[in-house]
Amino acid sequence: MKPIISKDIIRGHTTTIVLNILSQGDSYGYEVAKTIKKLSHEAYELNEATLYTVFRRLEKNGDIQSYWGDESQGGRRKYYKITDQGMKTLKTNVKEWNFAKHVIDDLILGRID
């Protein structure tokens, strides 16, 4: 059985994960979910309900904008794109993640001499 990461560990970082994906190009829900699964080497799947909650929150905060794509490839899809503010949020979140990662490493792997 392939190991999967606990949703509790990911919770709180879904915003940053979605912003990272959208920083690489506009996308729609299903494609973002597929990308998350691929980037995690299938160790994490973000369910649709959670993903669309993240999209709504990011859009409300001004970090992303949505628009409707054309119907040339089947059904009409709602696309999401990162805004300038979203890029700033992503940069801040990544900086905070890197700091937290080092602190957690020290707390979990560190030794008291």
Side-chain angles (χ1 to χ4, degrees):
M1 188 166 100
K2 188 172 194 122
I4 59 169
I5 191 166
S6 162
K7 291 188 185 323
D8 289 336
I9 292 174
I10 298 287
R11 190 176 293 122
H13 302 290
T14 53
T15 294
T16 307
I17 293 165
V18 171
L19 287 174
N20 174 53
I21 291 167
L22 294 178
S23 74
Q24 298 170 53
D26 299 2
S27 195
Y28 56 96
Y30 176 72
E31 192 66 33
V32 170
K34 249 177 39 178
T35 302
I36 288 169
K37 190 173 180 179
K38 182 179 177 186
L39 286 173
S40 73
H41 308 283
E42 299 191 9
Y44 182 67
E45 263 185 82
L46 188 60
N47 70 50
E48 250 183 82
T50 302
L51 180 59
Y52 285 99
T53 298
V54 171
F55 282 149
R56 281 193 299 279
R57 184 173 59 244
L58 287 170
E59 195 162 22
K60 184 179 174 198
N61 292 342
D63 290 319
I64 64 172
Q65 293 176 335
S66 62
Y67 63 92
W68 290 100
D70 61 32
E71 297 177 34
S72 64
Q73 297 171 323
R76 202 161 175 224
R77 292 184 178 127
K78 191 174 197 179
Y79 284 82
Y80 298 90
K81 68 183 246 167
I82 193 166
T83 62
D84 289 343
Q85 179 183 315
M87 290 298 284
K88 289 177 189 165
T89 300
L90 175 60
K91 188 175 179 181
T92 298
N93 289 2
V94 169
K95 191 187 285 186
E96 288 173 2
W97 163 251
N98 280 316
F99 175 72
K101 189 167 52 169
H102 290 295
V103 171
I104 292 167
D105 279 349
D106 290 344
L107 291 170
I108 292 176
L109 304 173
R111 296 189 43 84
I112 301 171
D113 295 324

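What you see below is based on every heavy atom in this structure, not just the backbone, and it leaves out hydrogens, waters and symmetry mates.
Once rounded to the nearest 0.5 Å, the distance linking OG1 of T35 with CG of L22 reads 9.5 Å. To the nearest 0.5 angstrom, Y80 atom OH is 6.5 Å from I64 atom CD1. Going from atom NZ of K78 over to atom OG of S27 covers 14.0 Å, rounded to the nearest 0.5 Å.
Under 4.0 Å is where a charged nitrogen must lie from a carboxylate oxygen, and between K34 and E31 at least one such pair does.
K91 meets the side-chain contact (heavy atoms from CB on, under 4.5 Å) test with no other residue; sequence neighbours excluded. With sequence neighbours excluded, no residue forms a salt bridge (charged side-chain N to carboxylate O under 4.0 Å, His left out) with D105. In this view, E96 and T92, N93 satisfy the side-chain contact (heavy atoms from CB on, under 4.5 Å) rule, not counting sequence neighbours.
For the pair Q24 (side chain) and N20 (backbone), a donor-acceptor distance under 3.5 Å is present. Under a 3.5 Å cut-off, the side chain of Q85 and the backbone N or O of N61 do form a donor-acceptor pair. Proximity of a side-chain donor or acceptor of N98 to a complementary backbone N or O of V94 within less than 3.5 Å is detected.
Shortest non-hydrogen contact noted between A33 and L46 is CB-O, 4.3 Å. The two residues K81 and D26 make their nearest non-hydrogen contact at CB-OD1, 3.0 Å. Residues E59 and S66 come closest through the heavy atom pair OE2-OG, 2.6 Å.
Criterion: ILVMFWY side-chain heavy atoms under 4.5 Å apart, direct or through other members. Under it, W97 and I82 are not part of a common hydrophobic cluster. The hydrophobic cluster containing I9 also contains L51, counting ILVMFWY residues as joined when their side-chain heavy atoms lie under 4.5 angstrom apart, directly or transitively. Cluster membership check: I10 shares its hydrophobic cluster with L19, using side-chain heavy-atom separations under 4.5 Å among Ile, Leu, Val, Met, Phe, Trp and Tyr. No single ILVMFWY cluster, assembled from side-chain heavy atoms under 4.5 Å apart, contains both Y28 and F55.
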